[in-house]
Amino acid sequence: MLKVNQIYQLENSLKSILHNSILKHRHIVLFAVLCLFIALSQAQIHPRQLRNQVLQSMNPPKPQIKPTKSRPASQKINAIQYKLTPAPSAIGAKGVTLVYLENCDQLSFDKIQSPDMQLLKGNVRFRHDNARLYCDSAYFFEKANSFNAYGHVRIVQGDTIFIFGDILYYNGNTKLARLRHRVRMENRKTTLTTDSLNYDRITNQAYYYTGGKISDETNDLTSIWGQYSTKTNESLFKTKVHMNNKNYTLDADSLRYNSKTKIARLISMTHILYNNETDIYSDKGWYNTATEQSMLLNRSKVKHKDGKTLIGDTIFYDKKLKYGEGFTNVIMNDTVQKTTLYGNYCYYNENDKNGLATDSALLVDWSSKDSMFVHADTLHTSKDSIYNVARGYYHVRIYRNDVQGLCDSLAYSARDSVMNMFGTPVLWSDNNQLSGEYIQAYTKNKKVNKIHIQKVAVAIQHEDSIYYNQLSGKEIIAYVDSGQLRKVNVNGNAETIYFPRDDKDSTLLGLNKTQSSFVVMYFKNKRINKAILTSATNGTMFPLDNLTEKLLHLNTFFWIENERPQNKSDVFKAYPKIERPKGGGIDSLGSSDTDNSSQPASGSSENQKNITNSSNNSPAINSRTQLK
């Protein structure tokens with residue numbers, strides 16, 4: 001028994017110690033959770049994040065460096081104009097230093113024929129400032145402070161620059177080295193190869209003009225003309241520029257490249273082909289060949305193998321993350337799905353197929369003969385498995401030749417081919433207006449074939465200049481064929497106002513007002529052809545001569561034809577939001593809404609049957625009342 005008590009005491013002591021330890025170090029636990037949250041949030045890609053990253057990498061903090069010497073304007077060197085002859089002596093001039101002969105195996109000269117020239121052979125070595133110059137043989141013009149070197153030519157400047165060639169013409173006064181045949185320059189991890197190279201040791205500029213190649217650990221670049229700075233690692237290439245990388249190739253007429261930062265600056269029309277799957281076209285921009293991030297200007301284009309193309313005034317693109325952002329007049333085109341997304345800001349993620357457009361956003365579906373134009377404050381496109389999904393948020397407006405609409409938000413999925421409209425949506429087709437709190441438009445073969453309206457569902461048809469056929473209920477299902485209404489079902493608290501016409505001359509007979517549980521209306525030639533109502537129906541026919549304004553409309557009636565988009569440009573128009581009537585059903589027929597000036601022909605459902613009979617020359621149906 002004593003042992004059991006000791007075990008309980010030990011257990012309680014351990015629990016107390018553990019509890020106190022957690023309380024004591026709870027700040028460490030909270031800090032760890034906070035770090036995990038920050039790491040997860042940073043791993044996500046946010047809109048405009050890529051632009052900030054690229055701009056920061058383009059302008060890194062610059063270290064303070066001492067100013068370098070620059071060649072005076074009067075000493076500019078033109079490589080093509082120099083001849084292979086000794087330069088005149090400039091010894092004693094400001095900035096000019098002597099070229100010293102340090103070694104050779106054999107020296108000879110002829111004072112009579114060539115008094116200013118010495119012939120050197122075997123292990124020849126010169127020194128000029130911080131450079132050593134080697135060759136097999138040379139002509140040394142001591143008074144001119146220059147020499148011509150031949151065979152296994154080598155220049156060593158400091159501990160980083162090594163130049164090799166077959167022939168060297170060197171002028172100590174201008175510090176210009178002209179190398180010919182099998183020339184190779186090495187500067188740390190950068191190698192330049194060419195057949196003719198001029199190297200200016202004052203400005204630390206090397207340039208070639210008969211074709212050359214510059215290679216580093218990342219890229220190989222070739223061109224007809226090129227210039228390379230050993231001080232800044234900046235290169236300028238012109239004429240048939242080609243860059244080769246294990247992941248991509250680049251072709252241009254002119255290009256700037258830094259072999260240290262691995263950044264290429266696009267200064268002419270440039271084509272970048274990435275793994276035969278992505279083409280980039282731009283004549284001005286910035287491309288980091290190491291991180292594969294880029295900034296592209298002047299209506300550049302990014303074209304993907306899957307048929308998607310991104311065009312914009314400014315594009316920020318990250319090929320490794322497969323993510324792009326566009327600013328100002330952006331176009332995202334999909335030739336496979338036959339859709340185009342416009343906006344002043346767009347982004348697209350190739351991995352999850354997510355796209356976004358905002359600021360004058362417009363989605364155009366041109367997959368069928370009649371294109372559909374959808375505008376919203378923000379438009380999203382994405383993939384649900386293999387199915388395309390499109391969403392629009394706030395001030396959505398739609399235009400197509402056969403249907404127009406507006407709502408607060410919209411969602412469409414190709415999985416079920418249903419367009420869901422939220423936030424007091426309205427659809428128009430011909431002279432019909434459909435509205436409710438929630439609308440589903442079903443499509444088949446790119447055409448709307450059914451419309452499902454829920455909650456305060458209203459269907460209105462403009463019958464005449466001042467007359468409107470109206471249907472209202474809890475739910476309306478409209479069936480569409482070839483862009484025209486064919487049948488409408490009204491389910492629950494069905495109310496109608498419509499104007500029947502004479503079968504012979506199509507003149508209006510009056511106003512027919514009904515209440516029932518369900519109504520089915522059939523349309524022909526854009527007009528009501530037949531109406532079928534349940535047996536529990538109240539109906540009254542009013543003559544046209546005695547109609548009042550109050551009788552003309554249901555409580556849920558509203559007509560906003562002025563907000564209807566008439567063309568694709570109208571989708572950008574904005575209108576103030578109007579509070580729509582919620583509706584509580586029309587008042588009981590024959591009550592206060594019917595005064596002495598507008599008495600019905602006969603105020604009962606029996607009279608309604610008589611109207612039906614006189615119009616159709618057929619008996620009324622007891623279980624269901626049929627009206628034409």
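Numbering starts at 1 and runs along the sequence shown. As the structure is a prediction and not an experimental result, all values here were calculated from the model.
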For Asn219 and Asn245, does a side-chain donor sit closer than 3.5 Å to a side-chain acceptor? yes

Salt bridge (charged side-chain N to carboxylate O under 4.0 Å, His left out) against Arg188, all qualifying residues, sequence neighbours excluded: none

Who pairs with Asp129 by salt bridge (charged side-chain N to carboxylate O under 4.0 Å, His left out), at least two apart in sequence or on another chain? Lys175

Just jot down the side chain to side chain donor-acceptor pair (under 3.5 Å) partners of Lys383, sequence neighbours excluded, or say none. Asn388

Output field: ring centroids Tyr347/Phe316 closer than 6.0 Å: no

Can you confirm whether or not the ring centre of Phe140 sits under 6.0 Å from the ring centre of Phe126? yes

In plain terms, say whether Arg400 and Asp370 are close enough for a salt bridge, that is, a side-chain N and a carboxylate O under 4.0 Å apart. no

Among pairs that include at least one residue of [range], which meet salt bridge (charged side-chain N to carboxylate O under 4.0 Å, His left out), considering only residues two or more places apart or in two chains?
| range | result |
| --- | --- |
| residues 113-124 | Asp116-Lys143 |
| residues 356-367 | none |
| residues 286-299 | Arg299-Asp313 |
| residues 237-256 | none |

With sequence neighbours excluded, residues passing ring-ring contact (aromatic ring centres under 6.0 Å, His included) with [X]:
| X | answer |
| --- | --- |
| Tyr281 | His271 |
| His380 | Tyr393 |
| Phe109 | none |

Using the side-chain contact (heavy atoms from CB on, under 4.5 Å) rule, take Asp570 and Tyr399 through it: C-alpha gap first, then chi angles, then the decisive distance, then the call. CA-CA 8 Å; Asp570 282 355; Tyr399 174 80; over 6 Å; no

For the atom pair CG (Leu236) and CH2 (Trp225), what is the distance rounded to the nearest 0.5 Å? 5.0 Å

What's the separation between atom CG in Asn187 and atom CD1 in Ile163, rounded to the nearest 0.5 Å? 9.5 Å

Per-pair distances, 0.1 Å, donor-acceptor, side chain in residues 149-156, under 3.5 Å, sequence neighbours excluded:
from   : atom 1 : to     : atom 2 : distance (Å)
His152 : ND1    : Asp136 : OD2    : 2.5

Hey, does Tyr257 have a side-chain heavy atom less than 4.5 Å from the side chain of Ile214? no

Which of Lys322, Lys319, Lys305 passes salt bridge (charged side-chain N to carboxylate O under 4.0 Å, His left out) with Glu350? Answer is Lys319

Ring pair (Phe, Tyr, Trp, His ring centres under 6.0 Å) contacts touching residues 227-255 (sequence neighbours left out): Tyr248-Tyr287

